[in-house]
Each structure stands twice: as C-alpha cells, then as structure tokens.
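Inspection log for the structure reproduced underneath, given as structure tokens.
Note that these values count all heavy atoms, side chains included, but never hydrogens, waters or copies made by symmetry. None of these values were measured; they are calculated from a predicted model. Count residues from 1 along the sequence.
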Amino acid sequence: MASVPEIFASMAYGPAPESAKPAEEWLDRHGRTFGLFIGGEWSRPGELFETVNPGNARALARVTQATPADVDRAVEAARNAQPGWWALGGHGRARHLYALARAVQRHARLLSVVESLDNGKPIRESRDIDIPLVARHFYHHAGWAQLMERELPGMEPVGVAGQIIPWNFPLLMLAWKIAPALATGNAVVLKPAEFTSLSALLFAELCEEAGLPPGVVNIITGDGRTGEALVAHPGVDKIAFTGSTDVGRLIRVATAGSGKKLSLELGGKSPFLVFDDAELDSVVEGVVDAIWFNQGQVCCAGSRILAQEGIAPELEARLKARMETLRVGDPLDKAVDIGAIIAPVQLNKIRDLVEQGEAEGARMWQPSWNCPTEGYFYPPTLFTDVAPSATIAQVEIFGPVVVMMTFRTPAEAVELANNTRYGLAASVWSENINLALDVAPQLKAGSVWINCTNVFDAAAGFGGYRESGFGREGGKEGLFEYVKEAERRGGGEAGKYAPKADAMLREPSPLPRVLAAPAIDRTPKLYIGGKQARPDSGYSLPVHDAAGRVVGEVGHGNRKDLRNAVEAARAAAGWARGTAHTRAQVVYYLAENLAARADEFGARIVELTGRTRRQGTQEVELSLARLFSYAAWADKWDGRVHHTPYRNVTLAMPEPLGVMAVVCPTEWPLLGFLSTVIPPVAMGNAVVAVPSERWPLLATDLYQVLDTSDLPGGVLNIVTGPREELAPVLAAHDDVDAMWYWGSAEGSAAVERISAGNLKQTWVHAGPATPWENAGAGEGERFLRHATQIKNVWVPYGE
Ligand code: NAI
C-alpha cells in the first residue's frame with residue numbers, strides 16, 4: 001500500500017470497489033442455478049450452461065438452455081396472457097409499467113452490480129447510464145400505455161412478441177424491447193444473450209414482485225438454438241432482434257413470408273466527424289464516450305474518426321495523451337473507465353482484427369501501461385494511416401479500437417462517412433451550426449448527434465439505415481413496431497378489444513393501497529410555497545355536506561393571500577427548467593400517494609356530495625387515471641418540425657406560459673381540481689389554484705399528498721375562498737401570465753375584461769359543468785395547448 005506522500009506525488013487513484021456482496025447473496029439464494037420464467041412461474045433448471053464474470057474469468061452461476069418444448073410453453077403462456085393484458089386497458093397497463101419502473105429504481109444498485117458482474121462493464125456505467133435508462137424507459141412507456149387509445153387510434157397489439165437481445169447492454173436492451181411491447185398490449189417471450197442472462201432473470205423476479213399478471217413477460221435463457229426456435233415458432237406474431245448483422249440476415253430469411261412483423265437492430269461502423277473549427281477538448285472526451293464506452297462493444301460506437309486535415313495531428317496528440325490516462329480494470333471499481341471484454345471469443349476477434357489492421361499497413365498505437373491479466377481485458381487502441389477500404393475501416397470490430405482518417409472538405413467528409421454498408425449513427429463536431437446542420441441531413445444514419453455522441457433516451461427513436469437494420473426503438477415511432485391496424489369486426493364483435501370503461505375499477509392495482517384512518521376534522525389552512533399558511537383575513541368559511549351539515553371549515557383567502565401565492569409561484573420558475581421526465585415522475589408520484597389514500601378520498605367525496613360509494617370510488621379512480629395521463633404527456637407533448645421552404649427547418653417548441661391561475665370547477669371536487677391544475681403543472685407552469693368553492697376539502701386534503709410527492713414548493717399553490725371574490729384579483733394580477741376559469745357567464749366576462757391589463761391569456765368556461773367523468777371532455781390535448789405556447793426556432797438545415 002502506498003504511503004500518503006507517495007500518493008500525493010503520483011496522484012494515482014486507489015481502488016474504490018463497489019461491494020459485490022448483495023449480488024453474490026442473491027446468486028447464493030438461488031443456489032447459483034436458474035430455471036426459466038414462464039407463465040409467472042419458475043421452471044426447474046434443465047440442461048445448464050455457465051455464465052462467467054469477464055472481470056475475473058470465474059463462473060458466476062448456471063442457467064438453463066431452453067429447449068424447443070420450453071419455447072412452446074413460453075409462447076403458449078404469452079398467448080394465454082395477452083388478451084387479458086390488452087383488455088386491461090391503457091390505464092391498467094400504465095399502472096403496471098409504472099410499478100415496474102419503480103421496482104427497477106428500488107433495486108437499482110443490485111441490478112447495476114449484477115450487470116457489471118455478468119457483463120464486465122464498469123459499475124460507473126451500469127449505475128449511472130444503463131439502469132437509470134432502464135427505469136426511464138419503463139416510465140416513458142407507462143405514459144404510452146396510458147395514451148395509446150388516443151395516440152394510436154384504430155391500432156391494436158400484434159399479439160405475442162419474440163424478443164432476442166445481445167450481451168452488450170443486457171438489461172437496457174431488455175427494457176427497449178419489453179416496455180413498448182407491453183405498453184401497446186402485447187405479451188412477450190424474451191431471450192437474453194447466453195453470456196448475460198442474469199439481469200433478465202433478476203428482472204423476472206421484479207415482475208413477480210410488482211404483481212405483473214403471469215405470462216405477460218416470459219424469460220427463457222439459452223443460446224442461438226433457443227433464439228432460432230423462437231423465431232420459427234408459429235405462435236409468435238413479431239420478432240424483435242438486436243445483434244449481429246449475420247444473424248439478423250438469417251432471421252430475415254427465416255421469417256420471410258410468415259406474416260411475422262420484424263424489427264432488426266444490427267451492427268454499425270459509425271463515423272465521428274471532426275471539423276477544423278471543433279472544440280478539441282470536447283472532441284477528445286467525445287471520442288472517449290464514442291469508442292471506450294462499454295469497451296467499444298456498442299452497436300453505434302463512433303469507431304471511425306474522420307478528422308479534417310488541419311487539426312488531425314493535434315487531435316491525434318491530444319487523444320494519445322488522454323488514452324494514456326484511461327484506466328482499464330476491475331469492472332466493480334468505481335474509478336475504472338474501461339471494464340472487461342465479454343468473452344474470450346470476442347477478445348480473440350478483436351485481436352485478430354487488430355493484427356489484420358497492422359498487416360494491411362495501418363499504424364497502431366496503444367497506451368504504455370498494461371491491462372490486468374486476470375479476466376478478459378483489451379487496451380484502448382488507435383489506428384492512423386488507415387485506408388478507407390481497409391478491413392478495420394469497414395468491419396465492425398466491437399471492441400475498444402478506433403480508426404482515424406482525414407478529409408479536406410465537408411463534401412469529402414460526407415462521402416467518407418457514408419462509405420460503409422451500415423447506417424446506425426453519426427456524430428458531427430463543429431462550432432459552426434451552419435456547417436453541422438448542413439452535414440447532418442447528408443449522413444445516412446438513423447441518429448445524428450451534433451457535438452455529442454452515444455446519447456439515448458426513451459423519447460427518441462433509435463435504429464438504423466441500410467445494413468444496420470430497420471425499425472425504431474423508443475419514441476412514438478417505436479410503438480408502431482408492436483401494433484397493427486385493428487381488424488374490423490362486425491356486429492357484437494365490434495370493439496371487442498376496446499378497453500372497458502370501468503376495467504380499471506375491476507382490475508387489481510399494483511399501486512400500494514392501504515386503508516386509511518378516519519379523517520380528522522380540522523380547519524385546513526391555505527397552501528402557499530409548499531407550506532400551509534394561515535389566511536390573512538383570519539377568517540374561515542364553513543363547508544357543508546349534502547345534508548346541509550357543517551363538516552369542516554376552510555380558510556377565507558383574500559387579495560393578500562393571492563399576492564403571496566403568485567409570488568411563491570414566480571419563485572418556482574425553476575420547475576419549467578427541469579426536465580420533462582422529472583415532471584412526469586412527480587406527477588406519477590402524486591398518483592401513487594393519492595392511491596395510497598384512495599379510500600379516504602372516496603369516503604370524503606361521498607360524505608360531502610352525498611353521491612354513492614361507487615361514485616366516490618369512481619371519482620378517485622378517474623383522478624388517478626387523469627394524473628397518469630398528464631404524467632404520460634409531460635414528456636410527450638412534443639413540438640413539431642415545420643418544413644419551411646428555405647434552407648432550414650423550423651422547430652415548433654411548446655413552452656410553458658409561466659404563472660397560471662386556475663379557478664377550478666365546482667362539481668367533481670377532486671377530479672375537477674386535478675383535471676385543471678395538473679395539465680399546467682405537467683407542462684412546467686407554476687399554478688395558483690382556487691378549488692371548488694362548495695367542496696374545497698378535497699383540495700385541502702391533498703396538501704399532504706403534495707408534500708410527499710417531491711413537488712417543489714410554489715409549483716402548486718391553493719387558496720380557498722369565494723370564487724367570484726378571488727377570480728377578479730387573479731385576472732388583474734400582472735404577474736399572472738395566463739388564467740383558466742370555470743364558473744358563471746358573468747365571472748367569465750369579468751375575467752376576460754380584467755385580463756386586458758397585462759393581456760394575459762384566458763380560457764374561460766361558463767354554463768353547465770363539463771362532464772369531467774368523460775375522458776374526452778375532461779382531459780386532452782386542448783388542456784395542454786392552453787397550458788403552453790409555441791416558440792418557433794428556425795435552424796439552418798440541408799441545402
Ligand atoms: P449474435 O447476433 O450471435 O447474438 C445476438 C443474440 O442472438 C443472442 O441472444 C444470440 O443467442 C441470438 N442468436 C444467435 N444466433 C441466432 C439465430 N440463428 N437465431 C436467433 N437468435 C440467434 O451476436 P454475438 O455472437 O453475441 O456477437 C457477434 C458479433 O455481433 C459481435 O462481435 C458484434 O460485432 C456483433 N454484435 C452486435 C450487437 C449490436 O448491438 N448491434 C450486439 C452483439 C453483437
């Protein structure tokens with residue numbers, strides 16, 4: 001062990017190992033032997049093969065080689081489960097996907113360690129990239145499940161999807177496959193790669209824990225033979241494959257004429273273009289992310305650096321200096337940049353290709369240090385003097401090896417970049433946006449990253465051109481891989497698969513549900529800046545139940561309270577700058593916390609309004625569904641790209657309005673409140689709300705739900721009191737940017753008139769109450785449109 005002065009002198013990193021203990025314990029609990037997960041049950045282990053830790057070449061566990069009979073059983077289980085899963089309806093499926101996302105988050109550490117042990121990737125990557133993206137994928141697709149009926153009208157699931165994934169991102173590829181399939185109402189049989197089965201098996205346990213209906217997800221392990229049987233199975237309606245181009249081609253042939261839908265995500269040889277005005281330090285870090293992320297075992301790895309001649313020598317020098325500082329070693333060491341190669345077969349393939357590169361005359365460079373000898377490691381490697389036709393410039397190496405070539409002009413750069421049979425991704429580095437956006441449309445690739453690389457998100461589709469395959473994963477475009485036009489059914493059959501209106505009332509919910517203690521009556525205060533605040537007036541107003549009895553009191557808010565609330569909302573402007581994903585999560589969390597007190601809220605509605613118990617329950621359930629809808633939309637209310645007829649495209653970006661005042665409807669005290677305040681919140685606005693004047697207790701009962709849901713203080717402020725007293729104050733307030741009002745005709749007219757002061761946007765509703773129970777009327781895109789405004793950004797693009 002080095003002494004402290006020695007460490008100061010060398011500035012060397014010490015080991016920072018992540019403990020493997022919880023993962024080892026998990027393996028031990030299973031006797032290090034796994035069967036298959038079919039129909040919600042674990043089969044007895046069959047013929048077994050070993051899965052090895054590439055970091056030390058030791059066996060971790062043994063998993064089952066699924067036979068054709070196992071494939072039969074798994075497909076049958078999926079077939080049986082699929083109709084019920086689809087009949088659950090979008091909201092029912094959304095709840096399950098949400099529960100899976102939460103389960104992944106709860107077990108994120110264990111999943112990361114298992115992934116790094118089985119795959120050899122650095123824990124820093126599994127912990128900070130793979131697993132968070134897995135959770136994000138399930139969250140995002142919970143949203144698509146919720147919105148499917150509206151966003152994909154006339155579409156139905158294909159049925160059973162057979163999904164075959166590779167070893168480079170085991171759990172992330174599983175999420176990319178399973179989340180969209182489940183969201184759109186399919187059941188799946190998934191086969192992980194034979195090198196990396198463990199995280200898929202752990203995921204199967206999470207499915208059980210999260211209460212996913214049996215048979216919706218089936219996990220069968222095995223090698224290519226199992227994959228082949230799955231592809232050939234007549235009970236499978238769609239194959240989704242990620243892996244090598246060779247196997248992709250076999251699958252294309254095997255499924256031809258079978259009527260099976262197919263998506264293929266195959267290899268790549270992605271170009272990384274560096275123009276002479278690029279910021280070179282960023283470029284160097286970009287190369288690290290492009291080719292040394294996951295040891296270069298990335299289908300879209302930037303494996304061909306194309307550098308403009310003027311800066312090539314400087315880039316080469318800086319790259320070599322950076323490569324010298326990269327750390328290769330124990331994947332569980334948190335200070336390691338590059339982990340282990342998946343298996344000896346892959347290591348040999350890399351070695352052979354590197355030898356061939358040298359034999360063909362290219363110059364090879366590796367850092368001066370040595371890799372660990374235990375385990376399968378390979379150093380970062382740079383080739384220069386590479387001919388565009390050289391094997392290493394054309395073939396996917398799938399390792400930490402990058403080739404560098406030069407170009408003179410942008411036209412030459414484009415030509416070189418497209419000189420490949422692949423077309424998965426490309427990165428363009430230039431400080432000149434005109435140049436970057438001129439080049440981007442000329443590149444034949446499914447993703448083009450400008451001044452960044454290897455960035456992925458559930459909201460953006462990913463997939464290839466040419467021999468990189470077809471189909472997209474992620475984004476709305478990815479959903480179409482799992483649906484087909486609904487068959488026209490005559491008479492009584494019509495709408496057979498349409499989700500039943502009250503399906504969600506019957507289905508068991510995976511969200512936590514506890515019986516609440518009886519409500520304690522007290523006088524709730526106002527809710528301003530995330531805290532309860534006494535009303536300035538010092539007065540309260542009685543609240544009556546249906547029989548006219550006083551059941552509680554609420555604060556009598558006034559002008560001063562509204563001023564404070566608007567101020568608090570202004571101060572919460574950071575909400576708009578946060579990510580849409582964060583907003584979605586908070587709204588889901590609100591739903592989860594409301595679900596935990598559903599019985600209490602239902603009882604309160606019954607008590608106040610005198611409606612039936614069933615109606616009370618229904619209002620709470622509809623409120624939960626509505627929260628799910630806006631959580632879903634939070635990261636999906638996308639802008640458009642306008643095709644303006646010049647040398648540009650125009651990005652129409654919806655932006656929040658700022659501070660919004662919402663005077664809520666009287667009827668439906670909980671549903672009407674959430675239906676009107678949550679869309680603005682989900683879009684990034686801060687809200688000052690005046691809840692139902694008649695039954696404000698449903699809004700004040702929400703204070704604790706808001707407190708426990710990570711909603712930043714000031715994003716939602718609630719001031720109770722007489723509607724017609726408070727509305728004009730808000731309409732006149734110069735710091736309120738937009739106002740929604742549900743109430744009388746006179747009140748509507750007054751809001752519009754008074755709003756002329758700062759010309760705030762208004763959206764007023766007079767007359768009979770909206771039928772809030774009807775999703776078509778009580779929620780939808782018009783709520784989002786009124787909560788946002790479009791900013792058009794013209795960017796140069798193309799010729
Ligand atoms: P592979 O394409 O053989 O394996 C991918 C998956 O397909 C695995 O689950 C495997 O069991 C399954 N499979 C294999 N043969 C099959 C068949 N006939 N029918 C159905 N499924 C089958 O990839 P492999 O052998 O693991 O790696 C070989 C090369 O493929 C790598 O060196 C790399 O160049 C490339 N590759 C590309 C990936 C990508 O993300 N585009 C991922 C993994 C590998």
Side-chain angles (χ1 to χ4, degrees), residues 140 143-144 147 150-151 426-428 430-443 445-452 455 457-462 472 474-479 569-570 572-584 629-630 632-662 678-687 734-740 752 755-756 758-763 779-799:
H140 184 78
W144 284 124
L147 299 180
R150 205 182 316 247
E151 294 280 329
S427 320
V428 179
S430 165
E431 291 298 286
N432 179 347
I433 192 80
N434 298 309
L435 175 64
L437 291 173
D438 174 40
V439 166
Q442 301 180 57
L443 297 173
S447 300
V448 177
W449 292 301
I450 294 177
N451 293 331
C452 60
V455 277
D457 185 63
F462 180 87
R472 293 290 178 268
K476 189 174 180 181
E477 54 268 44
L479 302 179
R570 272 273 151 231
W575 178 242
R577 292 192 295 273
T579 67
H581 174 61
T582 305
R583 295 200 296 273
S629 285
Y630 291 110
W633 255 310
D635 67 348
K636 297 180 189 67
W637 186 239
D638 286 336
R640 282 176 158 262
V641 180
H642 297 312
H643 288 240
T644 35
Y646 305 102
R647 199 177 154 276
N648 54 39
V649 289
T650 302
L651 312 177
M653 307 292 293
E655 295 191 339
L657 296 164
V659 172
M660 292 185 60
V662 180
I678 294 302
V681 166
M683 292 296 104
N685 299 281
V687 171
D734 279 347
D735 263 346
V736 172
D737 302 296
M739 178 157 176
W740 294 0
E752 288 183 339
S755 70
N758 73 342
L759 286 177
K760 61 176 64 64
Q761 300 191 19
T762 58
W763 193 33
E779 75 173 49
E781 300 194 353
R782 60 206 176 97
F783 287 81
L784 302 173
R785 252 192 312 277
H786 283 283
T788 52
Q789 56 193 338
I790 299 290
K791 173 186 282 173
N792 274 296
V793 184
W794 295 58
V795 288
Y797 185 84
E799 325 181 88

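With a 6.0 Å radius and a threshold of 12 heavy atoms from other residues, nucleotides or ligands, R647 has its CZ atom above the threshold.
Of all the heavy atoms in A686 and A572, the pair that sits closest is CB-CB, 4.4 Å. A634 and A580 make their closest contact through O-CB, 3.4 Å (heavy atoms, listed as atom of the first residue, atom of the second, distance). Minimum heavy-atom separation, P441 to D438: CD-O, 3.3 Å. Nearest heavy-atom pair, P680 versus M660, reported as atom, atom and distance to 0.1 Å: CB-SD, 3.7 Å. Shortest non-hydrogen contact noted between G474 and E477 is O-CG, 3.7 Å. Closest approach of A445 to A426, counting heavy atoms only: CB-N, 4.1 Å.
Looking at K760 and D737, no side-chain N of the basic residue comes within less than 4.0 Å of a carboxylate O on the acidic one, giving no salt bridge. For K476 and D638, the salt-bridge test fails: no basic side-chain N is under 4.0 Å from an acidic carboxylate O.
Using a 4.5 Å heavy-atom threshold, the side chains of M653 and R640 count as separate. In this structure, the side chains of H643 and V649 stay at 4.5 Å or more apart for every pair of heavy atoms.
A donor-acceptor distance shorter than 3.5 angstrom exists from the side chain of T788 to the backbone of L784, with no hydrogens or angles considered. Judged by distance alone, the side chain of N451 and the main-chain N or O of S430 form a donor-acceptor pair under 3.5 Å. For W449 (side chain) and V428 (main-chain N/O), no donor-acceptor pair under 3.5 Å exists by modelled atom type.
Taking CH2 of W633 as the reference point, atom CG of L147 lies at 5.0 Å (rounded to 0.5 Å). Remark: I678 CD1 to R583 CZ distance equals 12.5 Å, nearest 0.5 Å. A distance of 11.5 Å separates CD1 of I790 from CG of L651, quoted to the nearest 0.5 Å. Separation of atoms CE (M739) and CG (N758) is listed at 11.5 Å; rounding is to 0.5 Å. Atom CZ of R785 sits about 12.0 Å away from atom CE of M683, to the nearest 0.5 Å. Taken from CG in D457 to NE2 in H581, the straight-line distance is 8.5 Å, to the nearest 0.5 Å.
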Just do the side-chain contact (heavy atoms from CB on, under 4.5 Å) check on N685 and V681 with the steps written out, would you? CA-CA 5 Å; N685 299 281; V681 166; over 6 Å; no
Just do the side-chain contact (heavy atoms from CB on, under 4.5 Å) check on V793 and T650 with the steps written out, would you? CA-CA 5 Å; V793 184; T650 302; 6.0 Å; no
Decide yes or no on side-chain contact (heavy atoms from CB on, under 4.5 Å) for Y630 and E779, but give the supporting numbers first. CA-CA 9 Å; Y630 291 110; E779 75 173 49; 3.2 Å; yes
Run the side-chain contact (heavy atoms from CB on, under 4.5 Å) check on N648 and V795 step by step: do they pass? CA-CA 5 Å; N648 54 39; V795 288; 5.9 Å; no
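Listed by chain and number, the residues in a side chain to side chain donor-acceptor pair (under 3.5 Å) with K636 amount to none (sequence neighbours excluded).
Below 30°, between 30° and 60°, or above 60°: for H786 and W740 the angle between ring planes is above 60°, a perpendicular geometry.
Residues W763 and F783 place their aromatic rings such that the two centres sit under 6.0 Å apart.
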